[in-house]
Amino acid sequence: MSTDYQRAREELGRRLRELRVEGPEGRLTGVQLAQRLGWRQSKVSKLENGRQTPTDDDLRAWAEAVGQPAVFPELRSRLRGFESHIRSWRRQLAAGHAPVQETWNTLVSNSTTQHALSTAAVSGILQTADYARHVFERHAKLQQSPRDTEAAVRARMKRQEWLYRPGKRLNLLMSESVLWGRICPPDVLAAQLDRLLGVVGMDTVNLGILPLDGTLPLTMGNSFDVLDERLVVVEDWHAELWLDDAETIALYRRVWDTFAESAVFGAEAQQVIARVRRSLKV
């Protein structure tokens with residue numbers, strides 16, 4: 001899967017290679033540069049081919065090792081340009097919701113562990129088809145994007161196969177307010193809550209609920225997903241933010257861990273869900 005983010009990282013890699021082969025000290029091989037830096041040669045290769053995101057320290061060391069320390073500010077600027085990559089909904093939804101869902105299917109399929117915080121709606125990977133249908137229809141109207149609801153629903157349902165693959169793990173926190181949200185008719189919401197009740201206890205699902213009457217350790221922010229230790233996706237009204245630098249990923253994992261301390265799991269989570277379910281009287 002090629003993304004604007006990946007292309008930007010590949011461009012930086014090409015610039016790094018250019019500096020290595022055209023430096024004032026003459027052409028350096030990848031092995032020679034690795035020796036100067038005290039790195040494995042594979043790291044040099046990954047950086048040059050856009051398969052690894054460098055740190056500021058990596059870029060500074062590279063610039064100095066090729067005899068061009070003055071280019072470090074340029075390299076750092078390039079890095080800053082894609083550490084927080086903005087994928088606008090206007091651009092993503094130009095062909096409808098289904099292609100976006102297929103991109104997500106690829107992201108999730110290539111992941112082993114997912115840590116998610118849902119503050120606005122039930123996480124897509126646990127949505128029922130009817131609940132998802134209402135979500136897509138409302139957002140297509142908001143974004144004025146092509147209506148491909150049924151194709152989008154099918155793609156989102158396909159993602160749920162991941163939950164039944166050995167070795168996968170979904171760690172999901174949801175605010176109780178999500179359970180009460182009437183983004184769909186009561187009967188659809190009731191079926192969605194039944195679905196949540198059914199996944200509590202699955203080997204691949206660790207579902208926690210943040211009760212409305214509980215104490216929050218932080219102010220509630222946007223929904224986000226952390227895929228393994230390689231990518232954070234944060235959702236906002238205008239865009240998704242794809243964040244790949246190690247410090248940001250670590251920050252979002254701390255956010256998740258902090259909220260998890262105030263969440264209820266297992267039977268207690270089921271009790272919260274069941275209480276909301278009974279209120280629907282459906």
- Message: Check the orientation of His115 and Trp256. Use parallel for under 30°, tilted for 30 to 60°, and perpendicular for over 60°.
- Response: perpendicular

- Query: Do we get Arg87 above Trp242's six-membered ring, with its NZ or CZ under 6.0 Å from the centre and within 45° of the axis?
  - Reply: yes

- Query: Tell me the salt bridge (Lys or Arg N to Asp or Glu O under 4.0 Å) pairs involving residues 62-75, sequence neighbours left out?
  - Reply: Arg15-Glu74, Glu74-Arg78

- Message: Rounded to the nearest 0.5 Å, what separates atom OG in Ser45 from atom CG in Leu33?
- Response: 11.5 Å

Donor-acceptor contacts, no H, no angles, side chain residues 226-236, under 3.5 Å, sequence neighbours left out:
unit_1 : atom_1 : unit_2 : atom_2 : d
Asp228 : OD1    : Thr112 : N      : 3.0
Asp228 : OD1    : Thr113 : N      : 2.8
Asp228 : OD2    : Thr112 : N      : 3.3
Glu229 : OE2    : Arg253 : NH1    : 3.1
Arg230 : NH2    : Leu107 : O      : 3.0
Arg230 : NH2    : Ser111 : OG     : 2.6

- Query: Stepwise, does the side-chain contact (heavy atoms from CB on, under 4.5 Å) test hold for Leu28 with Arg36?
  - Reply: CA-CA 10 Å; Leu28 289 173; Arg36 286 193 181 188; 3.7 Å; yes

- Message: Distance check, rounded to the nearest 0.5 Å: Gln144 atom CD versus Arg147 atom CZ?
- Response: 10.0 Å

- Verify side-chain contact (heavy atoms from CB on, under 4.5 Å) between Leu173 and Phe265, making sure each step is shown before the conclusion. CA-CA 9 Å; Leu173 299 176; Phe265 296 86; 3.8 Å; yes

- Query: Of all heavy-atom pairs between Met202 and Leu163, which one has the smallest distance, and what is that distance?
  - Reply: CE-O, 3.9 Å

Check residues 180-194 and write down every donor-acceptor pair under 3.5 Å in which the side-chain atom is one partner and the other belongs to a residue at least two apart or another chain.
unit_1 : atom_1 : unit_2 : atom_2 : d
Trp180 : NE1    : Glu176 : OE2    : 3.0
Gln192 : OE1    : Thr128 : N      : 2.8
Gln192 : NE2    : Leu126 : O      : 3.0
Asp194 : OD1    : Arg277 : NE     : 3.0

- Query: So which heavy atom on Ser118 is nearest to which on Ser123, and how close?
  - Reply: OG-CB, 3.5 Å

- Item | Side chain proximity check, Asp225 to Tyr252, heavy atoms < 4.5 angstrom | no

- Does any donor atom in the side chain of Gln143 or Arg90 lie under 3.5 Å from an acceptor atom in the other side chain? no

- Query: Listed by chain and number, what are the side chain to side chain donor-acceptor pair (under 3.5 Å) partners of Arg169, not counting sequence neighbours?
  - Reply: none

- Query: Could you go step by step and tell me if Val205 and Val200 meet the side-chain contact (heavy atoms from CB on, under 4.5 Å) rule?
  - Reply: CA-CA 7 Å; Val205 178; Val200 175; over 6 Å; no

- Scanning both residues in full, the closest heavy-atom pair of Thr119 with Val178 reads C-CG2, 3.6 Å

- Task: Determine which pairs satisfy side chain to side chain donor-acceptor pair (under 3.5 Å) with at least one residue from residues 208-221, sequence neighbours left out, and list them in order.
- Result: none

- Query: Is atom NZ of Lys46 surrounded by more than 12 heavy atoms (other residues, nucleotides or ligands) closer than 6.0 Å?
  - Reply: no

- Give the minimum heavy-atom separation between Arg165 and Ser109, together with the two atoms involved. NH1-OG, 3.5 Å

- Taking all heavy atoms of Ala132 and all of Arg156, pick out the closest pair and write down the distance. CB-CD, 4.0 Å

- Message: To the closest 0.5 Å, what do you measure between CH2 (Trp62) and NZ (Lys43)?
- Response: 9.5 Å

- Message: Would you say Leu79 ends up clustered with Val44 if hydrophobic residues are merged whenever their side chains have heavy atoms under 4.5 Å apart, either directly or through other cluster members?
- Response: yes

- Message: With side-chain contact (heavy atoms from CB on, under 4.5 Å) as the criterion, how do Leu216 and Met220 come out once you've worked through the C-alpha distance, each side chain's angles and the decisive distance to 0.1 Å?
- Response: CA-CA 8 Å; Leu216 289 177; Met220 193 68 73; 4.1 Å; yes

- Message: For residues Leu212 and Val272: do they belong to one hydrophobic cluster (side chain heavy atoms under 4.5 Å, members Ile, Leu, Val, Met, Phe, Trp, Tyr)?
- Response: yes

- Message: Would you say Leu197 ends up clustered with Tyr164 if hydrophobic residues are merged whenever their side chains have heavy atoms under 4.5 Å apart, either directly or through other cluster members?
- Response: yes

- Search all heavy atoms of Leu37 against all heavy atoms of Ala61 and return the closest pair with its distance. CD2-O, 3.4 Å

- Note on the structure: Value for CG (Asn105) from CD (Gln160), rounded to nearest 0.5 Å, stands at 10.0 Å

- Query: Is there side-chain contact between Glu150 and Arg133, with at least one heavy-atom pair below 4.5 Å?
  - Reply: yes

- Are the side chain of Ser145 and the backbone of Lys141 linked by a donor-acceptor contact shorter than 3.5 Å? no

- Task: Look up atom OG1 in Thr149 and atom NE2 in His139, then write down how far apart they are to the nearest 0.5 Å.
- Result: 12.0 Å

- Quick one: CZ on Arg9 to CD on Gln52, what's the gap to the nearest 0.5 Å? 8.0 Å

- Message: Show every side chain to side chain donor-acceptor pair (under 3.5 Å) that has at least one partner inside residues 196-208, sequence neighbours left out.
- Response: Asn171-Asn206

- Message: Within the structure provided, determine whether Ser223 and Leu117 are in side-chain contact (heavy-atom separation under 4.5 Å).
- Response: no

- Message: Applying a strict under-4.5 Å side-chain criterion to I, L, V, M, F, W and Y, I'd like to know whether Trp104 and Met174 cluster together.
- Response: yes

- Task: Taking the side chain as every heavy atom from C-beta outward, state whether Ile249 and Leu243 have any pair of such atoms under 4.5 Å apart.
- Result: no

- Is there a side-chain contact between Leu172 and Gln114, using heavy atoms and a 4.5 Å cut-off? no

- Student check: side-chain heavy atoms of Pro24 and Gln68 closer than 4.5 Å: yes

- Query: Does a side-chain N-to-carboxylate-O contact under 4.0 Å join Arg254 and Asp257?
  - Reply: no

- Message: Can you see whether Asn49 engages Glu10 through a side-chain donor-acceptor pair at a distance of less than 3.5 angstrom?
- Response: no

- Task: Please check if Leu218 and Phe224 belong to a single hydrophobic cluster, counting links between Ile, Leu, Val, Met, Phe, Trp and Tyr side chain heavy atoms closer than 4.5 Å.
- Result: yes

